[in-house]
Amino acid sequence: MSAKVKIYSTPTCHYCKQAKDYLDEKGIDYDAFDVTADKEALAEMKKVSGARSVPVICIGDEVIVGFEKGHVDRALKALG
Amino acid sequence: MKSARVLIYSMEGCPFCESARSFLRDKSLDYEEVHAPPGSSQWQEMKEALGTGVLPQIVIHGEPVGGYAHLVELEASGELYRKLGVSAPRAEAVIFDVIILGAGPAGLSAAIYTIRKMMKTLIISQDVGGQLAWTSDVDNYLGFSQVNAAELVKKFEHHVQSFNVETVLGNSIASVQLAGAVKSVTLEDGKTYYGKTVIIATGGGHQLLRIPGEKELAGKGVAYCSTCDAPLYEGAEVAVVGGGNSGLEAALDLVPIASHVHLVSLTRLTADPIYVDKVTRSPNVTLFTLWEAIRVVGDKMVEGLEVQDLRTGEVRLLPVEGVFVEIGTMPNSRLFIETLATNPKGEIFVDMECRTGMAGVFACGDVTSVPFKQVVVAVGEGAKAALSAYNYLLTRN
Ligand SMILES: Cc1cc2nc3c(=O)[nH]c(=O)nc-3n(C[C@H](O)[C@H](O)[C@H](O)COP(=O)(O)OP(=O)(O)OC[C@H]3O[C@@H](n4cnc5c(N)ncnc54)[C@H](O)[C@@H]3O)c2cc1C
């Protein structure tokens, strides 16, 4: 089963790292994709988000472009 | 004098009168209002009774308590509810010695100094690290010949956290009330915090191009963080707008990844010679100096950037998939612009000791008029602001 939370990132992106640290801190399981190494993940990221910008965080049905704690918290709450 | 529980003497078009009204409404406290524009008989009555002609004036059970700032102070200490004989809606608010707004280099440095002066400190910020999150390496911070920006932020953060300082992160500041002896800061989630002093260290945000298509296509090809997003443009044709250090750094981030980089700058390149040299020697960079970006083209994703030659008026469409906007920063001063003095760029004016002109309110770092937006400058200014706040409290207590 795949995790309910996915995060697409690039290795140089500080916001991506902050987002992952934040999920770690909260003890949330997630699948992380490095879109510079994984072209399929890049295509998937563009498809689900319509964006070409990292991080993209998918929480349930919610797709968040960029890292904003408040938004992540709300989406996690909705997920239960 | 009337004997309503809370009476406000006010007039139309007076911002602090409106602040007082909405403050009381927010707290579900009833009030009566007397319209007392200067010169009116009501104003004369107020002046005789209270000995002042300044509006608004607030009277509680017949006792004059002063203006809006005094009202906020009374509320914060719980005194307002005691005077009204009602129970306070919450435990008495904590009043911090200092509230630091922003946890970039300036705010974090200020925190080290306020904590070591044993000031009760609160840091409120959207994120930690500020603009350092947008860059990869810092080469000019004393003591580090080259340091990864994320690591530098971690070091700053650990240093501050070793003192167990209170922080509220991940929330945006919605409004501030800076006048008076107790200042308040309200966040977007509705929570309010109180402090005897405030240090503003909200830094800067991306300067936008403000051209058609930019907003619509942000994140869809229009990018503001080359460190983050450059790797997504492998083999693509891209444009960078901006001829300063951050523009050329973005171009250099993209040179090894993109097929071609168009560098568009309104002015001649103003970046450090070391960057200019590298960029001009890159085979896949075309320079458009003295050209202006006028429109981002695209439906769901960026498909091009229209640029115009400032000298001839010629317009060209660059067939790019990415537009990296690197035209500098603008101060995050929107919340303060009505109460504090700013320069035409919106930067908060501060004196040599980081004072803003409003008693107990200090500012430091990129949000101020102090030139040279650099980490080391922000860190130094943060320390100054903290020591100034400390001195201010010493002379007040
Ligand atoms: C791409 C780039 C590269 C750079 N490279 C270097 C370099 O190599 N060397 C160097 O010395 N300098 C460099 N700088 C400049 C340096 O980053 C800044 O001078 C420095 O970060 C300023 O620090 P500051 O604390 O004043 O503001 P900022 O770093 O902007 O921090 C402001 C803080 O305030 C918070 N904030 C703002 N508004 C609100 C609000 N309404 N609610 C809640 N929180 C808020 C933000 O979240 C942030 O945490 C670079 C800047 C950029 C953009």
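Letters go in sequence order (proteins before strands), and every chain restarts at 1.
- No part of A/V65 comes within reach of chain B, as not one of its non-hydrogen atoms sits under 4.5 angstrom from that chain.
- The ring-ring contact (aromatic ring centres under 6.0 Å, His included) contacts involving residues 37-60 of chain A comprise nothing, where partners must be two or more places apart or lie in separate chains.
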Put together the list of donor-acceptor pairs under 3.5 Å connecting chain B with chain A, please.
unit_1	atom_1	unit_2	atom_2	d
B/V128	O	A/Q18	NE2	3.1
B/W134	NE1	A/Y15	OH	2.3
B/G219	O	A/R52	N	2.6
B/T227	O	A/T12	OG1	2.6
B/C228	O	A/T10	OG1	2.8
B/D229	OD1	A/V54	N	2.9
B/D229	OD2	A/S53	OG	3.2
B/L232	O	A/R52	NE	3.1
B/L232	O	A/R52	NH2	3.0
B/E234	OE1	A/K39	NZ	3.2
B/E321	OE1	A/R52	NH1	2.7
B/E321	OE1	A/R52	NH2	3.2

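- Both the backbone and the side chain of B/A133 come within contact range of chain A, each with at least one heavy atom under 4.5 Å from a heavy atom of that chain.
- Judged as a side-chain contact (heavy atoms from CB on, under 4.5 Å), and not counting sequence neighbours, the contacts of B/A378 are B/P105, B/A106.
- Residues that satisfy the side-chain hydrogen bond (donor to acceptor under 3.5 Å, both in side chains) test with B/T186, not counting sequence neighbours, are B/T192.
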